[in-house]
Amino acid sequence: MEINLLVGGPVKNWPDNLLIKKKTAVWAGADRGALYLVKNGIRPLLAIGDFDSATSRERKLIFAKSQRVITDQPEKDDTDTELAVRHLLIDYQAERINIYGATGGRLDHLLANLFFVMRPEFRPHLQKIFLFDRQNSISFFGPGHYSITRETDKKYLAFVLLTKVAKLSLYDEKYQLAAKSFAYPLSLASNEFVGQTASFSFASGVISVIQSKDLK
């Protein structure tokens, strides 16, 4: 099952007409993301979060218009996004989770959403989790050899090393690399597509690949 997850990031960071284009898709909502869904006539498969910023009227609306609601305490260690992804993987056996709204707003939330894939329970599901906003698409990879397709209007690539990485090779991008190992996590310099696909491989670690386009 492919599930779209809307979290509480600013609406201005969402892809254009997101809820209109995907109105008939399967949706889940995390915290204010659930509120956005129900207010737009979408009945989420799951609404999850502490809902601490919602009014009592908004909470009643979420409970009335969602298929399932899970509440948590604001003092929890995990973000609402992480809690939602965990339930979507375990309870609904999601094969792909497209997360919208997780890259805007507070920096601590962005970093938490970028790094939660490092938790042991998410490691086997790295390639099922995707983060999207108006300018970027973010995916995660474990060791192996991969070829990724360039998305429309996105010519830039960034390889973000979330752990130590061994023998990273970039084969057909603008700036190539041959079996280089890195002792510490870091963000590599931005790369670019040459054609419609880009290939890379590495022997160990976890990498996040970001496709992006110029700001208009």
Side-chain angles (χ1 to χ4, degrees), residues 1-55 57-74 76 78-117 119 122 125-140 151-152 154 208 210-213:
M1 180 188 296
E2 180 173 313
I3 300 176
N4 299 286
L5 172 62
L6 188 65
V7 303
V11 176
K12 65 181 180 181
N13 292 317
W14 299 354
D16 294 331
N17 301 314
L18 172 64
L19 297 184
I20 295 175
K21 292 177 180 178
K22 288 183 170 283
K23 197 173 185 72
T24 60
V26 178
W27 279 97
D31 201 64
R32 294 200 66 83
L35 182 61
Y36 284 124
L37 291 175
V38 298
K39 283 187 173 181
N40 283 273
I42 297 174
R43 189 166 181 252
L45 182 71
L46 173 68
I48 188 169
D50 50 52
F51 306 114
D52 57 339
S53 61
T55 65
R57 185 174 181 178
E58 289 173 337
R59 288 173 65 94
K60 288 179 181 178
L61 182 63
I62 292 170
F63 274 82
K65 298 295 184 179
S66 302
Q67 298 180 51
R68 180 188 178 195
V69 179
I70 297 176
T71 58
D72 209 325
Q73 298 301 313
K76 63 186 180 304
D78 304 336
T79 66
D80 294 321
T81 304
E82 180 178 336
L83 290 172
V85 171
R86 182 180 289 112
H87 280 281
L88 294 178
L89 289 170
I90 296 173
D91 300 351
Y92 299 95
Q93 290 80 52
E95 288 299 319
R96 178 184 171 101
I97 302 174
N98 303 315
I99 307 174
Y100 299 95
T103 58
R106 288 166 44 183
L107 181 58
D108 58 332
H109 285 179
L110 168 61
L111 294 175
N113 290 330
L114 184 64
F115 280 92
F116 80 78
V117 296
R119 294 183 183 269
F122 293 116
H125 305 286
L126 285 175
Q127 289 177 257
K128 298 180 181 180
I129 302 170
F130 302 84
L131 279 67
F132 295 99
D133 62 26
R134 191 181 298 273
Q135 298 296 136
N136 308 284
S137 61
I138 305 173
S139 50
F140 303 91
E151 296 185 13
T152 304
K154 293 186 176 76
S208 175
I210 304 175
Q211 292 192 43
S212 59
K213 60 184 178 181

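Bear in mind the structure is a predicted one, so any value in this text is a computation, not a measurement. Basis for what follows: all heavy atoms, side chains included, without hydrogens, waters or symmetry-related copies.
A distance of 9.5 Å separates CE in Met1 from CG in Leu88, rounded to the nearest 0.5 Å. Rounded to the nearest 0.5 Å, atoms CG (Asp133) and NZ (Lys12) are 12.0 Å apart. In this structure, Ile70 CD1 and His87 NE2 are separated by 4.0 Å, a value rounded to the nearest 0.5 Å. The distance from atom OG of Ser212 to atom CD1 of Ile138, rounded to the nearest 0.5 Å, is 9.5 Å. Atom CZ of Arg86 is separated from atom CD1 of Ile97 by 11.5 Å, given to the nearest 0.5 angstrom. Of the inter-residue distances, the one linking Leu45 atom CG with Asn4 atom CG reads 11.0 Å to the nearest 0.5 angstrom.
Between the side chain of Trp27 and the backbone N or O of Leu19, no donor-acceptor pair lies under 3.5 Å. Without hydrogens or angle criteria, Gln135 side chain to Lys213 main chain gives a donor-acceptor distance under 3.5 Å. Under the 3.5 Å distance criterion, the side-chain polar atoms of Glu151 are left unmatched by any main-chain donor or acceptor of Ser137.
Side chains of Phe51 and Leu35 form no contact here, defined as non-hydrogen atoms less than 4.5 Å apart. Taking the side chain as every heavy atom from C-beta outward, Tyr36 and Trp14 approach each other to under 4.5 Å. The shortest distance between side-chain heavy atoms of Gln67 and Arg43 falls below 4.5 Å. Between Asp72 and Ile48, the closest side-chain pair of non-hydrogen atoms is not below 4.5 Å. You'll find the side chain of Ile99 reaches within 4.5 Å of the side chain of Thr81, heavy atoms only. Inter-residue side-chain proximity for Glu2 and Val26 is flagged as unmet; no heavy-atom pair is nearer than 4.5 Å. The side-chain heavy atoms of Asp91 and Arg68, taken from C-beta on, include a pair separated by under 4.5 Å.
For Lys154, the NZ atom is densely surrounded, since the number of other residues' heavy atoms within 6.0 Å is greater than 12.
Checking Thr103 against Asn13 by side-chain atom types alone, no donor-acceptor pair falls below 3.5 Å.
The nearest pair of heavy atoms linking Ala112 to Thr79 is CB-CG2, 3.4 Å. The minimum heavy-atom distance linking Ser208 with Leu114 is given by the pair OG-CD1, 4.0 Å. Of all non-hydrogen atoms in Phe132 and Arg96, the two that sit nearest each other are CZ-NH2, 3.7 Å. Closest approach of Arg59 and Ala54 over heavy atoms only: CG-CB, 3.9 Å. Taking every heavy atom of both residues into account, Pro44 and Val38 meet most closely at CD-CG1, 3.7 Å. Minimum interatomic distance between Ile62 and Ala47 (heavy atoms only, all atoms of both residues): CG2-CB, 3.8 Å.
Scanning for side-chain hydrogen bond (donor to acceptor under 3.5 Å, both in side chains) contacts around Asp31 gives an empty result, with sequence neighbours left out. Taking Ile20 as the reference, Asn17 meet the side-chain contact (heavy atoms from CB on, under 4.5 Å) condition, with sequence neighbours excluded.
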Checking side chain to side chain contact (heavy atoms under 4.5 Å, CB included) for the pair Leu6/Ile42: CA distance, chi angles, key distance, verdict?
CA-CA 11 Å; Leu6 188 65; Ile42 297 174; over 6 Å; no

